[in-house]
Amino acid sequence: MTAIQAVRGMNDILPDEAELWLEFEARVGDWLARYGYRNIRTPLVEHAQLFRRAIGEATDIVEKEMYSWRDELNDEDLTLRPEGTASCVRAAIEHNLVYDGPKRLWYAGPMYRHERPQKGRYRQFHQYGVEALGFPGPDVDAEHIAMCAALWRDLNLRDIALHLNTIGNAEERARYRADLVQHLEKHQDRLDADAKRRLHTNPLRTLDSKNPMVQEVVASAPSLIDYLGEASLSHFDGLKSLLKAADIRFEINPKLVRGLDYYNLTVFEWISPHLGAQGTVCGGGRYDGLFAQLGGKPTPATGFAMGNERLIALLREVGRKPELEAPHAYVVHQGVGTLEYAFVLAEDLRGRDLRVVLHAGGGSFKSQMKKADGSGARYALIVGEDELKAGEVSVKPLRTDQPQIRVKRDALASSLQGNG
Ligand code: HAM
């Protein structure tokens, strides 16, 4: 029979890799707590309409990347979440989360997009998302960017560059959009199929086209920043001056518009030069219109999300190896009645916070000792019929030349703890 494999673009994370994930998650957990963010958990499955409304009909995600299906039993269209912001805002509206003031929230977990898989781009991938609901900014916008900078420092990831832009408010964008469309129409012959298709649905996306010919057309297009009014510009200035005060370097990228339609004012991306085409490790921005768009009270908000697979690939790149927590002890046993004795002994030691592996599956004394050595444990705890009768355990240090000793069972835990 042929073996069944994982679904394309959805990866197993095997133990060697998972240890690095655990270490990464522990650091991110500490970092989120340092900034006063609280966890929120929303379902992986939502109504398809949520993402259509939030992310926008004319985006890549909604047009071609969502895992959606019709649930005939309940007569509803459902979708595996492609991102977390829409769910977070949906939950905040549904549970009236910001009724008593703004909230700082984070979430983590798998997201699903039916993209063409390649290095750094998967169909199931994992994000940490951070959302600040009810804050008009620009102080919180700056807080989010400073948070990212601090995390890269904590993780020792050095050359991740911050690309920053402002895309104004809806009216400013509408005026700009009209002029941009005019410009693009004048140069229709040099647009590719994608740009032509987007011309009347999502022309701003053309700004970050990767096609050199389209880029040339875009280079001579009007600039969005010239369409911004005083309020938008002063928001941006406020953000920039906080970043400067905190010594955070940024590059203004007027072509940065992001792939989701809910943004206004601040947008940003952090890009690493070490990951090829999928170098964006984190992206976000302000989405002041989203609450109202999803049927809630108008509420200013901003946030970002980072891709775990990409950050962990970077950690590997800088040679980060997980710190393995080897067991304190590996218990081997041989002889009548020794399994029960060893089993209870191992349970007792674990109850005292020691990491203990009990040999399972039998085998000769020699092969058990080989397993003990291979486990990385500091000690082999040996239980034979002699030890059983005497109520003792033989302790053999596996990482030093110290001699093997016999210890009373009751004294064992403190003797192991005393030895680290
Ligand atoms: P996004 O830019 O679509 O934003 O995704 C954020 C990050 O998730 C990306 O920068 C990337 O690191 C990672 N990512 C996205 N797609 C994939 C993929 N197919 N494979 C691997 N990693 C991927 C959002 O999702 C917004 N919800 C961010 C946000 C939060 N904006 C405001 N609040």
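Everything quoted here is computed from the prediction, not taken from an experiment. Both counts, for ligands and for their atoms, begin at 1 and track the order of listing.
Within ligand 1, the atoms closer than 4.0 Å to a non-hydrogen atom of Gly284 are 31 (N), numbered from 1 in the order shown. Near Gly283, meaning under 4.0 Å from one of its heavy atoms, ligand 1 places the atoms 10 (O), 28 (C), 29 (C).
When only interatomic distances are considered, the shortest N/O to N/O separation between Glu83 and ligand 1 falls below 3.5 Å. Residue-to-ligand polar distances place Val281 within reach of ligand 1: an N/O pair is separated by less than 3.5 Å. Polar contact with ligand 1: present for Thr85 (N/O pair, distance under 3.5 Å). Distances between N or O atoms of Phe304 and those of ligand 1 include at least one value under 3.5 Å. Checked against a 3.5 angstrom limit, the closest N/O atoms of Gly307 and ligand 1 fall inside it.
For Arg258, every heavy-atom contact with ligand 1 shorter than 4.0 Å involves the side chain, none the backbone. Counting heavy atoms under 4.0 Å from ligand 1, residue Tyr262 touches it through the side chain alone. Of all the heavy atoms of Cys282, the ones lying under 4.0 Å from any atom of ligand 1 belong exclusively to the backbone. Of the heavy atoms in Glu131, only side-chain atoms (C-beta onward) come closer than 4.0 Å to ligand 1. Under 4.0 angstrom from ligand 1, the non-hydrogen atoms of Arg121 come from both its backbone and its side chain. For Gln127, every heavy-atom contact with ligand 1 shorter than 4.0 Å involves the side chain, none the backbone. At a heavy-atom cutoff of 4.0 Å, ligand 1 is contacted by no atom of Thr302, backbone or side chain.
The aromatic rings of His359 and Tyr330 sit tilted, their planes meeting at an angle between 30° and 60°.
Nearest protein heavy-atom contact of atom 20 (N) of ligand 1 is Tyr122 N, 3.0 Å. Looking from atom 12 (O) of ligand 1 to the surrounding protein, the closest heavy atom is Thr280 O, 2.9 Å. Of the protein's heavy atoms, Phe125 CE1, 3.5 Å lies nearest to atom 14 (N) of ligand 1. Taking atom 21 (C) of ligand 1 as the reference point, the nearest protein heavy-atom neighbour is Gly120 O, 3.2 Å.
For atom 31 (N) of ligand 1, the choice among Phe268, Tyr263, Trp270 with the nearest heavy atom turns out to be Tyr263.
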Full working for salt bridge (Lys or Arg N to Asp or Glu O under 4.0 Å) between Asp179 and Arg175: CA-CA 7 Å; Asp179 287 0; Arg175 281 200 301 118; over 6 Å; no
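Inter-residue side-chain proximity for Arg113 and Asp60 is flagged as unmet; no heavy-atom pair is nearer than 4.5 Å.
Salt bridge annotation for Arg205-Asp208: present, with a cationic side-chain nitrogen under 4.0 angstrom from a carboxylate oxygen.
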